[in-house]
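In what follows, a structure is listed as C-alpha cells, so that the remarks can point back to it.
Each chain gets a letter, A, B and so on, in the order its sequence line appears, and its residues count up from 1.
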There are 2 protein chains.
Amino acid sequence: MGLTKSEIFTEEQNQIANIAKAFGHPARVAILQYLFKINSCICGDLVEEIGLAQPTISQHLKELKNIGLIKGNIEGTSICYCINKDNWSKMKTIVSEFLNQDLNENINCC
Amino acid sequence: MGLTKSEIFTEEQNQIANIAKAFGHPARVAILQYLFKINSCICGDLVEEIGLAQPTISQHLKELKNIGLIKGNIEGTSICYCINKDNWSKMKTIVSEFLNQDLNENINCC
DNA sequence: TTTATTAATCGTAATATTGCAATATAATAA
DNA sequence: TTATTATATTGCAATATTACGATTAATAAA
C-alpha cells in the first residue's frame with residue numbers, strides 16, 4: 001500500500017522514524033554536512049556542490065526545513081540556509097537514546 | 001523517478017542514508033526496541049506485539065537482517081531473532097560521528 | 001519599467017515502499 | 001506419512017519518493 005500505519009505505533013517510534021527518514025537520502029546527508037562545513041549559510045551553491053537539479057535540491061531542503069533541522073533566511077534574491085542548532089541538539093538527544101539501548105546491560109541471545 | 005542517484009555521493013553519505021532508511025519506519029524501530037527489551041530473542045511474537053500481518057513483519061525483519069542490525073537463528077520450526085551487537089556498535093560509531101558534527105565549534109549563520 | 005537572478009512550486013514520469021492475501025517452504029509432532 | 005506450526009516468498013494494489021523540465025514569484029539591477 002505504501003501507507004505507513006502510524007496509528008499503531010507510539011509517538012516516540014514515529015518520531016524516530018521521521019527523523020531517520022530525513023537522513024534516509026544521501027542528498028540530504030550531503031546538504032547537512034555541507035551546511036556544517038560551510039558554517040555560514042549558503043543556498044543555491046548546493047545545486048553546484050551536489051549535482052542535482054535545482055528543483056530537486058529545493059525539494060530536499062523543504063523536507064529538512066519541515067522537520068526543523070535547517071532554517072532559511074531571505075537575503076535579497078537568495079535564501080541563506082543554515083542548521084537549526086537547537087533542533088539539531090534535541091534531535092540528537094532523541095536519536096542517541098535510541099542508539100544507546102544496547103548499553104542496558106543485557107545478556108546475549110540465540 | 002524514485003531512483004536515488006547514489007553514484008554522485010560519497011560512500012559515507014550513502015552508508016549513513018542506508019542506515020537511516022532502516023530506521024525510517026516505525027515498525028522497524030519497534031522491532032529493534034522489542035528485541036532489546038526482550039533480550040532473549042523472539043520471532044513471531046512480533047506479529048502479535050506490533051499488530052501488522054505476518055508477511056509484513058517478515059519483510060521488515062528481512063530489511064533489518066540485510067543491513068546487518070539483526071540476525072536470526074533457526075530453532076525448531078521457529079526462528080530466533082536478535083540484535084547483532086557487533087554491527088550495532090559499528091553502526092553507532094558511524095551515525096554518532098554524523099550527529100556530532102555540530103561539536104566542531106563553528107560560529108553562527110544567517 | 002525591463003531584465004536578470006534566485007529559489008519555490010507545479011506537473012509528471014519512473015521507481016520504491018508498505019501492507020496483505022495466498023501460497024510455498026521447512027521443521028517438528030502425531 | 002500426514003498434520004501442524006512457523007516463517008518466507010510471491011503477487012499485487014495503493015501510496016510515497018525521487019528527479020527534473022517548465023513555470024512562477026520575488027527581489028535586485030539596469
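Nearest-nucleotide positions on DNA chain C for B:Arg28 and A:Leu61 put A:Leu61 closer to the 5' end. Two residues, A:Lys5 and B:Leu3, neighbour DNA chain C, and the one matched to the more 5' nucleotide by heavy-atom proximity is B:Leu3.
At the phosphate of D:dT17, neither OP1 nor OP2 sits under 4.0 Å from any side-chain N or O atom of B:Lys21.
Taking atom CD1 on A:Ile57 and atom P on C:dA8, their separation rounds to 11 Å, with Å as the unit. One atom, CD1 of B:Ile67, and another, C1' of C:dT17, lie 15 Å apart when rounded to the nearest Å. Rounded to whole Å, the distance from CD on A:Gln59 to C1' on C:dA8 is 11 Å. Rounded to whole angstrom, the span from the CG atom of A:Asn18 across to the P atom of D:dA16 amounts to 13 Å. In this structure, A:Asn66 places its CG atom 13 Å from C1' of C:dA8, rounding to the nearest Å. The interatomic distance linking A:Leu46 (CG) with C:dT6 (P) rounds to 14 Å, in whole Å. Following rounding to the nearest Å, B:His25 (NE2) and C:dC20 (P) show an atom-to-atom distance of 10 Å.
Looking at the side chain of A:Ile79, the nearest of the listed nucleotides D:dA6, C:dA8, D:dA19 is C:dA8.
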Atom pairs under 3.5 Å, N or O on each side, protein against nucleotides 21-28 of chain C: can you list them with distances?
none

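One side chain, B:Asn100 or A:Lys92, offers a donor N or O that lies under 3.5 Å from an acceptor on the other.
In this structure, the side-chain hydrogen bond (donor to acceptor under 3.5 Å, both in side chains) partners of B:Thr4, at least two apart in sequence or on a different chain, are A:His25. Take A:Gln54 and apply the side-chain hydrogen bond (donor to acceptor under 3.5 Å, both in side chains) test, not counting sequence neighbours, and it matches no residue.
Using a 4.0 Å heavy-atom criterion, one finds that A:Ser78 contacts the sugar-phosphate atoms exclusively. Within the 4.0 angstrom heavy-atom criterion, base atoms lie near B:Thr56. Here A:Ser58 lies in heavy-atom contact (under 4.0 Å) with a base.
Residue A:Ile38 holds its CD1 atom at 11.5 Å from CD1 of A:Ile83, rounded to the nearest 0.5 Å.
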